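On a predicted model such as this, the values are computed, not experimentally measured, just so you know. No hydrogens, no waters, no symmetry mates; every other heavy atom, side chains included, goes into these values.
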Amino acid sequence: MPSSFTNIKEIALKTVPSASKIEIKRVLESLYGFEVEKVRTLNMEGKKKKRGGLLIAKPDYKKAYITLKNPLSISPDLYPIRLIEEEKKNTNKQSKSSIVEEGEAKSHWLDGKDGDRFRPEKSSAERGRGSRGGAAAAAAKFPWSGMRASR
(Lines give C-alpha, C1' and ligand atoms only; values in the text may rest on other atoms or scores of the structure.)
Protein backbone atom coordinates (compact mmCIF):
# COMPACT_ATOMS: atom_id res chain seq x y z
CA MET A 1 0.00 0.00 0.00
CA PRO A 2 1.42 3.42 -0.89
CA SER A 3 2.32 5.81 1.92
CA SER A 4 0.73 8.73 0.05
CA PHE A 5 -1.92 8.61 -2.65
CA THR A 6 -0.57 11.51 -4.74
CA ASN A 7 2.50 11.80 -6.98
CA ILE A 8 3.02 8.07 -7.41
CA LYS A 9 5.96 7.73 -9.80
CA GLU A 10 6.79 4.04 -9.34
CA ILE A 11 4.61 0.92 -9.29
CA ALA A 12 5.61 -2.64 -8.30
CA LEU A 13 3.84 -5.56 -9.99
CA LYS A 14 3.98 -9.35 -9.83
CA THR A 15 3.98 -10.89 -13.31
CA VAL A 16 4.41 -14.21 -15.09
CA PRO A 17 8.10 -15.27 -15.29
CA SER A 18 7.95 -15.40 -19.09
CA ALA A 19 6.88 -11.72 -19.46
CA SER A 20 9.52 -9.42 -20.94
CA LYS A 21 10.05 -5.72 -20.17
CA ILE A 22 8.62 -4.71 -23.55
CA GLU A 23 5.48 -6.83 -23.04
CA ILE A 24 4.90 -5.37 -19.57
CA LYS A 25 5.30 -1.83 -20.94
CA ARG A 26 2.89 -2.46 -23.83
CA VAL A 27 0.22 -3.98 -21.57
CA LEU A 28 0.33 -1.05 -19.14
CA GLU A 29 0.19 1.52 -21.93
CA SER A 30 -2.60 -0.16 -23.93
CA LEU A 31 -4.88 -1.52 -21.17
CA TYR A 32 -4.41 1.05 -18.39
CA GLY A 33 -3.29 4.13 -20.35
CA PHE A 34 -0.13 4.75 -18.30
CA GLU A 35 2.83 6.49 -19.89
CA VAL A 36 5.73 4.21 -18.93
CA GLU A 37 9.23 5.65 -18.73
CA LYS A 38 11.23 2.63 -17.57
CA VAL A 39 10.67 -1.02 -16.58
CA ARG A 40 13.00 -2.95 -14.27
CA THR A 41 12.46 -6.65 -13.54
CA LEU A 42 13.61 -9.27 -11.04
CA ASN A 43 13.15 -13.02 -11.32
CA MET A 44 11.96 -14.31 -7.95
CA GLU A 45 12.03 -17.91 -6.82
CA GLY A 46 8.95 -19.25 -5.03
CA LYS A 47 9.34 -20.20 -1.37
CA LYS A 48 10.02 -23.84 -0.65
CA LYS A 49 8.86 -25.81 2.40
CA LYS A 50 9.36 -29.36 3.58
CA ARG A 51 6.31 -31.14 4.97
CA GLY A 52 7.31 -34.57 6.14
CA GLY A 53 9.15 -36.08 3.21
CA LEU A 54 7.50 -33.87 0.58
CA LEU A 55 8.92 -30.64 -0.80
CA ILE A 56 6.17 -28.07 -1.35
CA ALA A 57 7.08 -25.08 -3.52
CA LYS A 58 5.18 -21.94 -4.44
CA PRO A 59 5.48 -20.97 -8.12
CA ASP A 60 8.27 -18.71 -9.36
CA TYR A 61 7.31 -15.20 -10.44
CA LYS A 62 8.76 -12.02 -11.92
CA LYS A 63 8.65 -8.73 -10.05
CA ALA A 64 8.44 -5.59 -12.21
CA TYR A 65 9.17 -2.04 -11.06
CA ILE A 66 7.60 0.47 -13.45
CA THR A 67 8.59 4.15 -13.48
CA LEU A 68 5.86 6.41 -14.86
CA LYS A 69 6.42 9.58 -16.92
CA ASN A 70 3.45 11.39 -15.37
CA PRO A 71 2.83 11.06 -11.62
CA LEU A 72 -0.30 9.10 -10.75
CA SER A 73 -2.88 10.20 -8.15
CA ILE A 74 -5.47 7.79 -6.80
CA SER A 75 -8.32 8.17 -4.35
CA PRO A 76 -7.53 7.16 -0.74
CA ASP A 77 -10.96 5.48 -0.65
CA LEU A 78 -9.59 2.83 -3.00
CA TYR A 79 -7.66 1.31 -0.07
CA PRO A 80 -9.94 1.48 3.03
CA ILE A 81 -7.37 -0.42 5.11
CA ARG A 82 -7.11 2.30 7.75
CA LEU A 83 -10.87 2.15 8.34
CA ILE A 84 -10.79 -1.63 8.62
CA GLU A 85 -7.90 -1.50 11.12
CA GLU A 86 -9.75 1.07 13.25
CA GLU A 87 -12.88 -1.12 13.29
CA LYS A 88 -10.83 -4.15 14.37
CA LYS A 89 -9.26 -2.17 17.22
CA ASN A 90 -12.68 -0.96 18.39
CA THR A 91 -14.18 -4.45 18.35
CA ASN A 92 -11.14 -5.89 20.18
CA LYS A 93 -11.45 -3.24 22.88
CA GLN A 94 -15.14 -4.00 23.34
CA SER A 95 -14.69 -7.78 23.47
CA LYS A 96 -11.73 -7.67 25.88
CA SER A 97 -13.66 -5.91 28.64
CA SER A 98 -13.93 -8.20 31.63
CA ILE A 99 -16.85 -6.45 33.27
CA VAL A 100 -19.73 -8.81 33.98
CA GLU A 101 -23.14 -7.21 34.28
CA GLU A 102 -25.62 -8.17 36.98
CA GLY A 103 -27.51 -11.38 36.34
CA GLU A 104 -24.93 -12.43 33.71
CA ALA A 105 -22.50 -15.08 34.88
CA LYS A 106 -19.53 -16.41 32.96
CA SER A 107 -19.96 -20.04 31.99
CA HIS A 108 -17.47 -22.65 30.98
CA TRP A 109 -18.09 -25.40 28.45
CA LEU A 110 -17.34 -28.03 31.12
CA ASP A 111 -20.06 -26.65 33.34
CA GLY A 112 -23.30 -28.59 33.18
CA LYS A 113 -26.51 -27.14 31.80
CA ASP A 114 -27.79 -26.52 35.32
CA GLY A 115 -24.60 -24.72 36.38
CA ASP A 116 -23.09 -27.69 38.25
CA ARG A 117 -19.47 -28.58 37.66
CA PHE A 118 -18.49 -31.39 35.35
CA ARG A 119 -18.44 -34.80 37.05
CA PRO A 120 -16.60 -37.73 35.46
CA GLU A 121 -18.42 -41.00 34.85
CA LYS A 122 -18.41 -43.54 37.63
CA SER A 123 -16.07 -46.49 37.17
CA SER A 124 -17.43 -50.01 36.69
CA ALA A 125 -16.48 -50.92 40.29
CA GLU A 126 -18.52 -48.02 41.66
CA ARG A 127 -21.53 -49.04 39.54
CA GLY A 128 -21.43 -52.55 41.00
CA ARG A 129 -20.50 -54.47 37.87
CA GLY A 130 -17.14 -56.02 38.60
CA SER A 131 -16.27 -55.47 42.22
CA ARG A 132 -13.21 -57.72 42.44
CA GLY A 133 -11.29 -55.35 44.62
CA GLY A 134 -14.20 -54.59 46.95
CA ALA A 135 -14.14 -51.29 48.83
CA ALA A 136 -10.56 -50.57 47.75
CA ALA A 137 -11.59 -50.59 44.10
CA ALA A 138 -14.61 -48.39 44.79
CA ALA A 139 -12.40 -45.74 46.35
CA ALA A 140 -9.76 -46.02 43.61
CA LYS A 141 -9.17 -43.07 41.32
CA PHE A 142 -7.48 -44.94 38.47
CA PRO A 143 -9.05 -47.67 36.32
CA TRP A 144 -6.08 -50.05 36.67
CA SER A 145 -6.10 -49.94 40.49
CA GLY A 146 -9.26 -52.09 40.57
CA MET A 147 -7.35 -55.07 39.16
CA ARG A 148 -6.46 -57.99 41.43
CA ALA A 149 -3.35 -57.46 43.46
CA SER A 150 -0.54 -59.88 42.59
CA ARG A 151 0.16 -62.31 45.43
Legend entry - salt bridge (Lys or Arg N to Asp or Glu O under 4.0 Å) partners of Lys50, counting only residues at least two apart: none

Inset, instruction - Check whether more than 12 heavy atoms from other residues, nucleotides or ligands sit under 6.0 Å from atom NZ of Lys48, and answer yes or no. - result: yes

Legend entry - Connected hydrophobic set around Leu54, excluding itself, where side chains approach under 4.5 Å: none

Legend entry - Of all pairs that satisfy side-chain hydrogen bond (donor to acceptor under 3.5 Å, both in side chains), the ones with a partner from residues 32-43, not counting sequence neighbours: Glu10-Arg40, Glu35-Asn70

Inset, instruction - State yes or no: do Leu31 and Leu13 share one hydrophobic cluster built from I, L, V, M, F, W and Y residues joined by side-chain heavy-atom distances below 4.5 Å, directly or via other members? - result: yes

Legend entry - Selection residues 11-29 - residue pairs positive for side-chain hydrogen bond (donor to acceptor under 3.5 Å, both in side chains), sequence neighbours left out: none

Legend entry - Path from Leu28 to Ile8 over hydrophobic side-chain contacts below 4.5 Å: yes

Legend entry - Residues in salt bridge (Lys or Arg N to Asp or Glu O under 4.0 Å) contact with Glu87, at least two apart in sequence or another chain: none

Using residues 55-68 as the side-chain source, report each donor-acceptor pair under 3.5 Å to any protein atom, sequence neighbours left out, with the distance given to one decimal.
residue: Asp60; atom: OD1; partner: Gly46; partner atom: N; Å: 2.8
residue: Lys62; atom: NZ; partner: Pro17; partner atom: O; Å: 3.4
residue: Lys62; atom: NZ; partner: Ala19; partner atom: O; Å: 2.6

Inset, instruction - Check whether more than 12 heavy atoms from other residues, nucleotides or ligands sit under 6.0 Å from atom CG of Leu42, and answer yes or no. - result: yes

